[in-house]
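Counting convention: from 1, in listed order, for ligands and their atoms alike. On a predicted model such as this, the values are computed, not experimentally measured, just so you know. Any value given below was found using the heavy atoms of this structure, including those in side chains, with hydrogens, waters and symmetry copies removed.
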Amino acid sequence: MTTHESPLAPEWLAVPEDLNALQPLLWAEGVQKNDAGEVTIDGIAASALKEQFGTPLFVMSETDFRSRARAFKDAFDAAFADICGGVDVYYAGKSFLCTAVAQWVADEGLRLDTCSGGELAVAAHAGVPGSHLGLHGNNKSDAEINRALDMNVGRIVVDSLDELERVAIIASSRGTRANVMLRLTPGVHAHTHEFIATAHEDQKFGLSMAGDTTDEEGLSAAEEAVAAAVAYDSIELLGLHCHIGSQIFEPDGFALAAQKLLGFQAAMQQKYSIVMPELDLGGGYGIAYTPVDTPRPPADIAQAMAAVVRATCAELGITAPRISIEPGRAIVGSTTFTLYETGTTKTVRVDGPADTEEPDNVTYPRRYVSVDGGMSDNARPVLYDADYSAILASRNSSAAPQLSRVVGKHCESGDIVVRDVYLPADVAAGDLLAVPGTGAYCWALSSNYNYLARPGVVAVRDGVARLIVRGETEEDLLNRDMGVANV
Ligand code: PLP
């Protein structure tokens with residue numbers, strides 16, 4: 001154990017060689033430290049961002065977003081060019097969506113995956129053509145289905161047999177055909193470096209491919225859906241879809257899922273004398289939240305997936321369908337950091353881990369550093385035990401590293417932003433902290449818990465910072481409250 005290493009730290013967390021240095025993999029293009037030790041983005045210092053926009057604040061690099069979007073599109077297009085002429089990349093809007101981002105997505109030649117009427121409304125507001133939209137969701141309302149048909153969306157990804165029937169009835173009543181993909185559960189679950197394959201699924205999404213499900217003839221729900229879709233005049237069956245998980249680093253799980261879906265596709269095409277021209281392999285590509293995360297470049301994953309699709313189609317003797325993917329986090333996650341102001345700090349003494357050889361009465365310090373946001377702007381640590389990293393953003397420090405926990409200001413003891421990080425021991429009220437990797441599923445999951453106003457989002461490009469979503473005000477917080485007169 002080095003001098004400052006704490007026995008309370010998780011095994012993966014090392015004491016950084018230089019507490020003042022940024023770990024490039026965690027940060028967006030254009031983020032650096034200046035001579036005064038301030039975090040800057042395109043040369044704009046953290047203190048200037050605070051001054052102009054306040055904290056907490058999501059700070060997003062538009063340049064980085066666009067280049068990650070292009071990197072996915074280019075890498076997958078190149079890898080699949082000889083297989084199916086390229087890939088349609090649907091940016092998963094659930095990870096972060098606002099009008100500006102929808103426009104960047106369209107500008108960069110990507111399409112947009114939505115999963116609610118609200119996300120469709122943002123897409124419409126941004127002027128994304130309906131043909132470039134997908135609609136997901138395990139419980140779409142009739143209104144959402146109608147809205148998707150009004151907008152002529154390119155695809156509705158159907159999640160259940162009863163939804164398929166509803167889409168067919170609604171489309172028929174409108175005298176139109178709905179473009180449909182069927183979301184299947186291939187029994188492949190991937191998480192970081194491992195994946196598991198199971199026959200049966202116990203989750204709310206998708207149609208099971210296991211062959212012992214609902215039908216008397218012993219058809220799987222997936223096959224029942226294909227048979228039903230073929231029989232409906234008002235359904236245009238584009239193809240199959242799967243999404244096997246999130247924060248996945250290795251391509252093996254994607255490859256196995258592709259193999260399973262292509263096998264099923266070949267069997268269905270033969271049995272029902274149909275051709276399904278498309279196949280969507282979902283999203284889930286991992287990013288670096290901490291220095292130990294090791295995402296692969298999009299080209300590596302694209303090539304591994306392409307090799308499997310190429311070989312499987314050849315083996316099955318089918319024409320490869322047009323492939324699409326749905327990355328969210330891998331495009332937006334690392335584009336953004338959250339800027340917080342530090343408030344109260346305190347140090348508690350904690351018993352050592354159970355396996356320590358120290359006597360029972362030895363305790364270790366853990367520093368709690370409170371910031372002016374918390375679980376309302378980043379629910380992922382509470383929801384998924386997600387790990388993040390943080391750095392002092394307003395100055396350099398020569399103080400010793402101290403194991404710290406960055407916590408929010410909410411009335412929950414689980415209100416943790418960064419569970420374990422080494423920060424300089426002199427971090428104090430008024431300092432700024434920056435937490436990288438907060439582009440995906442942070443603002444999107446934000447809440448008004450404890451009546452905190454949700455932070456704004458600033459986009460930085462070519463040295464200019466502009467608000468793309470303004471922060472809420474106290475007036476916003478009160479404007480749905482109907483007041484005493486209506487009680
Ligand atoms: N597609 C579907 C159907 C999803 O459910 C999700 C995330 O939950 C995504 C795409 C995007 O996943 P990620 O942001 O991990 O790429």
Side-chain angles (χ1 to χ4, degrees), residues 60 65 68-69 71-73 75-76 87-97 101-102 105 110-116 119-120 123 133-140 144 148 153-160 163 180-186 188-193 195 201 203-207 238-251 253-254 257-258 261 278-289 293 295-298 301-302 305 323-336 378-380 383-384 386 437-445:
M60 179 180 288
F65 184 101
R68 286 176 201 271
F72 261 90
K73 178 76 179 127
F76 276 79
V87 167
D88 296 319
V89 180
Y90 285 76
Y91 167 68
K94 68 200 73 172
S95 54
F96 177 87
L97 190 62
V101 161
V105 164
L110 277 69
R111 300 180 176 204
L112 183 61
D113 161 35
T114 64
C115 64
S116 70
E119 289 183 3
L120 282 176
L133 296 174
L135 177 64
H136 264 286
N138 68 304
N139 186 23
K140 302 173 191 72
E144 287 170 326
V153 300
R155 50 169 66 170
I156 297 176
V157 185
V158 163
D159 199 86
S160 64
E163 184 183 285
V180 158
M181 300 194 77
L182 300 174
R183 177 166 178 175
L184 308 189
T185 46
V188 178
H189 299 263
H191 179 64
T192 59
H193 295 284
F195 71 88
E201 296 275 3
Q203 58 145 319
K204 70 173 186 170
F205 291 112
L207 293 145
L238 295 181
L240 308 173
H241 172 285
C242 71
H243 170 76
I244 59 167
S246 277
Q247 188 58 357
I248 300 166
F249 292 131
E250 299 301 325
F254 298 119
L261 261 73
E278 298 190 26
L279 175 67
D280 192 312
L281 297 172
Y285 313 99
I287 65 164
Y289 285 108
D293 292 332
R296 296 219 196 178
I301 298 183
M305 287 169 70
I323 299 293
S324 49
I325 56 166
E326 296 171 341
R329 176 193 325 264
I331 292 178
V332 71
S334 304
T335 64
T336 302
N378 189 353
R380 294 190 67 257
L383 274 180
Y384 314 117
T438 56
Y441 307 107
C442 291
W443 183 88
L445 285 165

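- Side-chain atoms of Gln247 come within 3.5 Å of backbone atoms of Ile287 as a donor-acceptor pair (strictly under, hydrogens ignored).
- Using a 4.0 Å cut-off between a side-chain N of Lys or Arg and a carboxylate O of Asp or Glu, Glu119 and Lys94 do not qualify as a salt bridge.
- Looking only at heavy atoms of the protein, atom 15 (O) of ligand 1 is closest to Ser246 OG, 2.8 Å.
- Only the side chain of Ala92 comes within contact range of ligand 1, with a heavy atom under 4.0 Å; no backbone atom does.
- Of all atoms in ligand 1, numbered sequentially from 1 with element shown, those under 4.0 Å from a heavy atom of Gly328 are 13 (P), 14 (O), 16 (O).
- Those atoms of ligand 1 that come under 4.0 Å of a heavy atom in Glu326, given as number and element, are 1 (N), 2 (C), 3 (C), 9 (C), 10 (C), 11 (C), 16 (O).
- In this structure, Gly282 does not count as a contact residue of ligand 1, since none of its heavy atoms falls inside 4.0 Å of the ligand.
- Ligand 1 has no N or O atom lying under 3.5 Å from any N or O atom of Gly245, backbone or side chain.
- Checked by atom type and distance alone, the side chain of Thr114 pairs as donor or acceptor with a backbone atom of Gly134 at under 3.5 Å.
- Nearest-residue assignment for atom 6 (C) of ligand 1 (options His243, Arg183, Gln247; heavy-atom criterion): His243.
- At a threshold of 4.5 Å between non-hydrogen side-chain atoms, the residues Tyr91 and Val101 count as touching.
- Cation-pi contact between Arg183 and Phe205: present, with separation from the ring centre below 6.0 Å and deviation from the ring axis of at most 45°.
- Using a 4.0 Å cutoff on heavy atoms, Ala440 does not count as a contact of ligand 1.
- Taking a cut-off of under 4.0 Å to the non-hydrogen atoms of Gly283, the atoms of ligand 1 that pass are 10 (C), 16 (O).
- Taking the ring centroids of His241 and His136, they lie under the 6.0 Å cut-off.
- No donor-acceptor distance shorter than 3.5 angstrom exists from the side chain of Glu144 to the backbone of Lys140, with no hydrogens or angles considered.
- Less than 4.0 angstrom separates some heavy atom of Pro327 from each of these atoms of ligand 1: 16 (O).
- The shortest contact between atom 16 (O) of ligand 1 and any protein heavy atom is with Gly284 N, 2.8 Å.
- Val157 places none of its side-chain heavy atoms less than 4.5 Å from the side chain of Asp113.
- Between atom 2 (C) of ligand 1 and the options Lys94, His241, Arg329, the minimum heavy-atom separation is to Lys94.
- Annotation: atom 14 (O) of ligand 1 to nearest protein heavy atom, Tyr441 OH, 2.6 Å.
- Using bins of under 30°, 30° to 60° and over 60° for the plane-to-plane angle, the ring pair Tyr285/Phe72 lands in the tilted bin.
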